[in-house]
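To keep things clear, I will list the structure first and then write my remarks on it.
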Amino acid sequence: MSVASASTPSTLRRAFYALMLLVLVSAAAYALFASVHYRWNWSGVWKYRQQFGIGWLTTLGISLAAMLMSVLFGFVLMLGRRARWEPVRMFSGAVVEIVRGSPLLVQLLVGYYIVANALRIDMPLLVGLLLLGAFHAAYLAEIFRGAVESIGASQLEAARAVGFDRQQTYRFVIIPQALRRALPGTTGQLVSLLKDSSLLSVIGIEELVQKVKIMNSASYTALEGYVPLALAYLVVTLPLSHLARRLEGRFAYET
C-alpha cells in the first residue's frame, strides 16, 4: 500500500475528530452563554465595525513591528551574553534577568509614564513598540542562546580545523544550525507577543482592545465587543500556533 493511500484514512479520521471537537466546543459555548441571563445587543458591534477593523489592523501592524524589533534585540542580547568582555556579558545578562523577572504591564507603565516622561518623549506608539519588543527580546535572547550552545563541540573544532575565525564560525557553522533549532521556540514566543500587544491600551494606544472598550462605552454594552475580540486574536494566533507545532515536529531531530 502506498504512503498516499495509507495517509488518507488518517487524514479523514483527524478531520472527523476535529469536526466532532468543534461541535462539542460550540455546544458547550452555547450552553454557557445561554445560562447567562444577559440581553445581548449586537447592533453596537455592527455599527462600529469599521473602528473594530481599524483596531485589528493597528494591532497587526504593531505586532509585526515589535516582532522584528524583538528578534533584532534578542539576537544582540544573545551576542552580548556570549561576548568575551565580561562587562558586556554582565550588562546583557542583567538586562535579560530584569526584563524577564518583571511583568510587562509594570514595564509599560513605568517606561511610559516615568522614563519616557522624564526624557520628554510624548509618542505612546514608539514607546509601546520599544517596550513590547524589548520585553520579548529578553526571552528570545535565551532561546537563541540555548540554540547556539546546543551546537556540538566537534563542529566548532571542525570549523577551527578548516581555518575559520570567530566571525566565519558564527556565519557558516553556528547561525545556520542555531536558526533551525530556534525556529519553534521563536514562533511560540511571537504568538505570545501578539497577545501581549493588548496591554498597550494601558498607555493610550488605540489598538484592538482599546477600540473595543471605546465601542462598548459608546454603545452602552458590556460583553458584546469582547466576543469578536477573542475571535480576531484566534484568527491570527491559531495559524501561528499550528506553524509552531509543525516546526517543532520537523526539527525535533535537530535537538
Do the side chain of [X] and the main chain of [Y] share a donor and acceptor less than 3.5 angstrom apart?
X    : Y    : result
E207 : Q210 : yes
R89  : A83  : yes
R181 : A178 : no

Taking C-beta and beyond as the side chain, do [X] and [Y] meet within less than 4.5 Å on heavy atoms?
X    : Y    : value
L125 : M123 : no
L140 : I143 : yes
L190 : L240 : no
Y113 : I203 : yes
W42  : V227 : yes

Taking all atoms of both residues into account, what is the closest heavy-atom pair of [X] and [Y], and its distance?
X    : Y    : value
A138 : V96  : O-CG1, 3.8 Å
T58  : E206 : CG2-O, 4.0 Å
G128 : I205 : CA-CD1, 4.2 Å
G93  : R81  : CA-NE, 3.6 Å
L194 : S63  : CD1-OG, 3.1 Å
K211 : G55  : CG-CA, 3.6 Å

If two hydrophobic side chains count as joined below 4.5 Å and joins carry through other members, does [X] share a cluster with [Y]?
X    : Y    : answer
I121 : L130 : yes
V235 : F52  : yes
I62  : I214 : no
L234 : L24  : no
V202 : V115 : yes

Can you tell me how far apart [atom1] ([X]) and [atom2] ([Y]) are? Round to the nearest 0.5 Å.
X    : Y    : atom1 : atom2 : value
L126 : Y112 : CG    : OH    : 11.0 Å
T59  : W56  : OG1   : CH2   : 10.0 Å
L72  : L77  : CG    : CG    : 9.5 Å
L229 : N216 : CG    : CG    : 9.5 Å
F16  : L21  : CZ    : CG    : 11.5 Å
D196 : Q189 : CG    : CD    : 8.0 Å

**Message:** With side-chain contact (heavy atoms from CB on, under 4.5 Å) as the criterion, how do K213 and S201 come out once you've worked through the C-alpha distance, each side chain's angles and the decisive distance to 0.1 Å?
**Reply:** CA-CA 10 Å; K213 291 179 180 178; S201 60; 3.8 Å; yes
**Asked** In terms of ring plane angle, is the pair Y139 and H136 parallel, tilted or perpendicular, where the classes change at 30° and 60°?
**Response**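 Y139 and H136: tilted rings.
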**Request:** Decide side-chain contact (heavy atoms from CB on, under 4.5 Å) for L79 and F144; before the verdict, give the C-alpha distance in whole Å, the side-chain angles of both, and the deciding distance to 0.1 Å.
**Result:** CA-CA 9 Å; L79 293 178; F144 296 160; over 6 Å; no
**Asked** Could you go step by step and tell me if M215 and E224 meet the side-chain contact (heavy atoms from CB on, under 4.5 Å) rule?
**Response** CA-CA 9 Å; M215 181 177 64; E224 284 80 354; over 6 Å; no
**Request:** Identify which one of L129, L132, L193 satisfies the side chain to side chain contact (heavy atoms under 4.5 Å, CB included) criterion when paired with S70.
**Result:** L193
**Request:** Take L208 and Y233 through the test side-chain contact (heavy atoms from CB on, under 4.5 Å) and record every step on the way to the result.
**Result:** CA-CA 9 Å; L208 184 55; Y233 275 104; 4.0 Å; yes
**Message:** Is it true that, when you exclude F91 itself, more than 12 heavy atoms of the residues, nucleotides or ligands shown sit nearer than 6.0 Å to its CZ?
**Reply:**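 At most 12 heavy atoms, drawn from other residues, nucleotides or ligands, come within 6.0 Å of this atom.
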